[in-house]
Peer 1: 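One structure, pasted below without further comment.
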Amino acid sequence: MHTNNLPLSGTMEADWISLFDSVPESTRNALRKVVDEHCEDMAVAFYARMMGDVDARPFLTHDAVEKRLRHSMQRWLSTLFSCADRDQFAAAMAMQRHVGEVHARVELPVNIVARGARVLKGEIAHRLLQGGLDGEALVDAVLYADNLIDIAFEEMSSAYVASHERAARIDEAYRVFSYGQNMSLERERQRAALLDWENRFLQEMMAGAAGDELQTLGDSSFGLWLHHKATAIFEGSSELPAIRLAIHSVDDNLLPLCAGQLENGEREETRRLIKAVQAELGQLKFLVGAMFERFVDLESGKDALTQLLNRRFLPAILSRETEISRNQGKPFALLLVDVDHFKHINDRHGHEAGDRVLQQMASLLLNTVRSGDFLFRYGGEEFLVLLVEVDEAHARRVAEKIRSRVEQESFLLADGRSLRVTTSIGLAMHDGHPDYQRLVNRADDALYRAKHDGRNRVVIATE
Ligand SMILES: Nc1nc2c(ncn2[C@@H]2O[C@H](COP(=O)(O)OP(=O)(O)OP(=O)(O)O)[C@@H](O)[C@H]2O)c(=O)[nH]1
């Protein structure tokens with residue numbers, strides 16, 4: 001093949017050229033003949049396998065396979081295996097990128113695509129065994145087919161990842177945009193929409209309207225908002241599934257009973273059903289309120305009690321600091337600061353006293369670290385401090401300062417009494433490892449040892 005103007009190694013084109021050159025032309029031609037002759041039955045066998053695959057089946061319909069997919073697969077195979085120069089290869093790779101983008105749009109998981117590649121390799125190898133090649137030529141042909149499919153899937157995957165990331169950024173931007181809409185106004189509108197639905201439902205039940213006039217919650221203005229907007233804005237919130245369940249219970253269980261009741265009009269039963277619907281609505285209103293409330297705290301990235309950062313942006317901040325540290329060669333440190341015997345404080349002085357201790361702890365931490373450092377409420381009575389650009393001696397001094405200041409502080413309760421508190425601290429220095437979770441785990445292990453060794457102490461993570 002053309003050895004001048006070789007592309008950089010590691011690029012798809014360079015890999016393809018060296019693959020192409022590594023196999024005699026006669027073997028490539030024999031392979032191409034097998035693929036051309038069998039691409040139809042390979043496509044049939046491929047989709048038969050994928051239709052029987054529990055993960056792949058939801059993405060396939062019999063109709064789509066018959067009308068489009070099988071034919072596309074045949075074309076895909078014969079195009080890929082017929083590449084004989086750079087232009088044809090470039091065109092084949094453009095095709096892979098297109099397929100990768102389509103996969104991203106239909107959200108086909110990468111593991112299913114990888115499984116598809118495995119199935120295809122098996123189909124090709126199986127036909128090659130009967131294709132008249134033997135010995136070295138057969139091995140060459142199988143390896144060539146395997147590598148070519150890998151190159152194609154690599155190109156497909158890189159387009160998939162790029163597309164997916166773009167889509168994720170747009171989704172996030174949409175969430176931020178939605179958040180920018182006035183959320184308290186939105187909350188009031190949805191509360192009013194639920195009330196409207198309830199009033200209409202009550203009127204129709206009282207007036208004995210025809211059963212088919214009862215509007216479902218899913219079709220109400222609230223239902224449409226939930227289905228089309230809330231799903232994007234509140235994605236991942238624990239209330240969403242519970243809200244959907246409550247709607248399902250009203251629309252699919254209670255309303256059909258109500259409709260039947262309207263026909264035969266028995267008052268006791270009507271009253272019972274109305275009460276049941278109202279109970280579900282009460283639950284629904286509570287869940288919607290909770291969902292809005294938690295969202296505001298979470299989205300702002302602040303913990304409501306202490307006003308420190310909550311965990312939402314911890315992964316983003318840790319990966320950013322890891323990158324800065326790796327680029328600039330300046331280490332950073334993580335401290336996990338945990339209040340000792342906090343349960344005892346709650347039990348003895350009440351939950352409100354516990355809350356006040358946490359608030360005072362937060363301001364003590366704020367006053368002890370520099371403004372460039374990060375402070376998180378990491379868990380109930382656990383704080384995470386990220387000290388930027390520090391060596392171990394410096395981090396150890398700060399940790400010790402926090403420990404001794406807490407020990408000396410008087411924590412004031414609402415009734416004027418005060419409490420003494422101690423903390424245990426696990427300290428881990430970033431050691432250049434790119435996985436930030438490892439650093440958190442090391443700090444956590446050190447904290448565990450600090451507790452185990454008697455509390456009110458700083459322990460430094462070893463490895
Ligand atoms: N007041 C209050 N208590 C909380 C909050 N979040 C978690 N807690 C309580 O904090 C307590 C933590 O208890 P444990 O994990 O057993 O730890 P501990 O009592 O501090 O004991 P050690 O950590 O082993 O010293 C639990 O009782 C939680 O209910 C909060 O926001 N406010």
Side-chain angles (χ1 to χ4, degrees), residues 236-239 286-287 289-315 333-369 374-386 396 398-428 437 439-462:
S237 108
S238 60
E239 286 87 7
F286 170 76
L287 286 167
M291 182 167 77
F292 270 99
E293 219 153 83
R294 282 210 309 149
F295 178 81
V296 171
D297 280 349
L298 197 69
E299 285 299 295
S300 66
K302 286 243 166 119
D303 166 55
L305 180 71
T306 60
Q307 294 301 303
L308 300 183
L309 292 164
N310 62 32
R311 285 166 81 143
R312 175 169 153 80
F313 297 120
L314 181 62
L334 274 199
L335 311 182
L336 277 181
V337 181
D338 190 283
V339 183
D340 292 331
H341 299 303
F342 190 67
K343 187 172 178 313
H344 181 68
I345 299 173
N346 272 337
D347 291 347
R348 179 120 185 247
H349 305 279
H351 206 264
E352 206 180 301
D355 283 357
R356 288 180 76 103
V357 169
L358 294 175
Q359 285 169 328
Q360 204 171 326
M361 267 293 296
S363 39
L364 184 148
L365 288 171
L366 262 175
N367 292 329
T368 310
V369 302
F374 295 89
L375 280 176
F376 294 85
R377 172 129 183 245
Y378 187 66
E381 27 48 290
E382 199 171 358
F383 298 88
L384 185 149
V385 186
L386 191 160
R396 190 199 287 255
V398 178
E400 190 48 44
K401 195 184 284 167
I402 292 173
R403 190 206 61 76
S404 72
R405 280 193 177 175
V406 172
E407 191 181 31
Q408 286 156 27
E409 178 99 347
S410 284
F411 287 83
L412 300 172
L413 304 184
D415 60 9
R417 283 181 302 154
S418 67
L419 274 183
R420 303 310 279 249
V421 180
T422 60
T423 49
S424 299
I425 302 179
L427 188 171
Q437 188 55 46
L439 183 64
V440 177
N441 294 346
R442 286 173 55 231
D444 205 32
D445 289 345
L447 171 61
Y448 178 81
R449 276 198 287 124
K451 293 275 181 189
H452 185 260
D453 293 350
R455 297 180 173 77
N456 191 21
R457 68 194 61 219
V458 177
V459 169
I460 300 174
T462 40

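Remember, it's 1-based here, ligands and their atoms both numbered in the order they're listed. Note that these values count all heavy atoms, side chains included, but never hydrogens, waters or copies made by symmetry.
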Peer 1: To check your reading of the model: name the closest protein heavy atom to atom 15 (O) of ligand 1, its residue, and the distance in Å.
Peer 2: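 Nearest neighbour among protein heavy atoms for atom 15 (O) of ligand 1, to 0.1 Å: Glu381 OE2, 4.0 Å.
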Peer 1: Does ligand 1 have a heavy atom under 4.0 Å from the side chain of Lys451, from its backbone, from both, or from neither?
Peer 2: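 Near ligand 1, Lys451 shows its side chain, while the N, CA, C and O stay back.
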Peer 1: Any sub-3.5 Å donor-acceptor pair from Arg403's side-chain atoms to Lys401's backbone N or O?
Peer 2: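 Absent.
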Peer 1: I'd like to check which ligand 1 atoms, numbered from 1 as shown, lie under 4.0 Å from a non-hydrogen atom of Val339.
Peer 2: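 Those atoms are 20 (O), 23 (O).
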Peer 1: For the pair Asn441 and Gln437, evaluate side-chain hydrogen bond (donor to acceptor under 3.5 Å, both in side chains) and give the outcome as yes or no after the intermediate values.
Peer 2: CA-CA 6 Å; Asn441 294 346; Gln437 188 55 46; 3.0 Å; yes
Peer 1: Keeping the roles fixed (side chain from Asp444, backbone from Val440), state whether a donor-acceptor pair exists under 3.5 Å.
Peer 2: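 Such a contact is absent between Asp444 side chain and Val440 backbone.
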Peer 1: Run the numbers for me: atoms of ligand 1, each under 4.0 Å from some heavy atom of Asp338, listed by number.
Peer 2: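 Going through ligand 1 atom by atom, the ones under 4.0 Å from Asp338 are 23 (O).
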Peer 1: I need the atoms of ligand 1 closer than 4.0 Å to a non-hydrogen atom of Leu358, numbered in the order shown.
Peer 2: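 Matching atoms, with element in brackets: 30 (C), 31 (O), 32 (N).
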Peer 1: So that I can tick it off, tell me whether Asp303 and Arg311 are bridged by a salt bridge, with the cut-off set at under 4.0 angstrom between side-chain N and carboxylate O.
Peer 2: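 Result for this pair is no, no salt bridge flagged.
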Peer 1: Just by distance, do the side chain of Arg377 and the backbone of Gly379 share a donor-acceptor pair under 3.5 Å?
Peer 2: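 Yes, Arg377 side chain to Gly379 backbone: donor-acceptor pair under 3.5 Å.
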Peer 1: So which heavy atom in the protein is nearest atom 9 (C) of ligand 1, and how far is it from that ligand atom?
Peer 2: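 Here the nearest protein heavy atom works out to Asn346 ND2, 3.4 Å.
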Peer 1: Between Ser424 and Asp338, is any side-chain donor less than 3.5 angstrom from a side-chain acceptor?
Peer 2: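 Note: Ser424 and Asp338 side chains miss the donor-acceptor criterion.
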Peer 1: Which heavy atom of the protein is the closest neighbour of atom 20 (O) of ligand 1, given with residue, atom name and distance?
Peer 2: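 Result for atom 20 (O) of ligand 1: Phe342 N, 2.7 Å.
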Peer 1: If you count the atoms of ligand 1 from 1 in the order shown, which ones are under 4.0 Å from a heavy atom of Gly354?
Peer 2: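 Within the 4.0 Å cut-off of Gly354, ligand 1 contributes 1 (N).
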Peer 1: When rounded to the nearest 0.5 angstrom, what is the spacing between NE2 in His349 and CZ in Arg417?
Peer 2: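 The NE2 atom of His349 sits 6.0 Å away from the CZ atom of Arg417.
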Peer 1: Students should be able to answer this: which protein heavy-atom is nearest to atom 16 (O) of ligand 1, and at what distance?
Peer 2: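 Among all protein heavy atoms, the one nearest atom 16 (O) of ligand 1 is Lys343 CD, 4.1 Å.
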Peer 1: Step by step, would you call Thr462 with Arg449 a side-chain contact (heavy atoms from CB on, under 4.5 Å)?
Peer 2: CA-CA 11 Å; Thr462 40; Arg449 276 198 287 124; 4.1 Å; yes
Peer 1: Could you say whether the N/O atoms of His341 and ligand 1 ever approach to under 3.5 Å?
Peer 2: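 Checking ligand 1 against His341, an N or O pair does fall under 3.5 Å apart.
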Peer 1: What protein heavy atom sits nearest atom 24 (O) of ligand 1, and how far off is it?
Peer 2: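 Protein heavy atom at minimum distance: Arg455 NH2, 2.9 Å.
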Peer 1: Just to confirm my output: which protein heavy-atom neighbour is closest to atom 7 (C) of ligand 1, and how far is it?
Peer 2: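 Answer, as residue, atom name and distance: Gly380 CA, 3.5 Å.
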Peer 1: Could you identify the single nearest non-hydrogen protein atom to atom 32 (N) of ligand 1 and state the distance to 0.1 Å?
Peer 2: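 Checked against all protein heavy atoms, atom 32 (N) of ligand 1 sits closest to Asp355 OD1, 2.6 Å.
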Peer 1: Can you list the atoms of ligand 1 that are under 4.0 Å from a heavy atom of Arg377?
Peer 2: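 Listed by number with element: 5 (C), 6 (N), 30 (C), 31 (O).
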Peer 1: Do side-chain atoms of Glu381 reach the backbone of Lys343 as a donor and acceptor pair under 3.5 angstrom?
Peer 2: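 Side chain of Glu381 to backbone of Lys343, a donor-acceptor pair under 3.5 Å: no, none is there.
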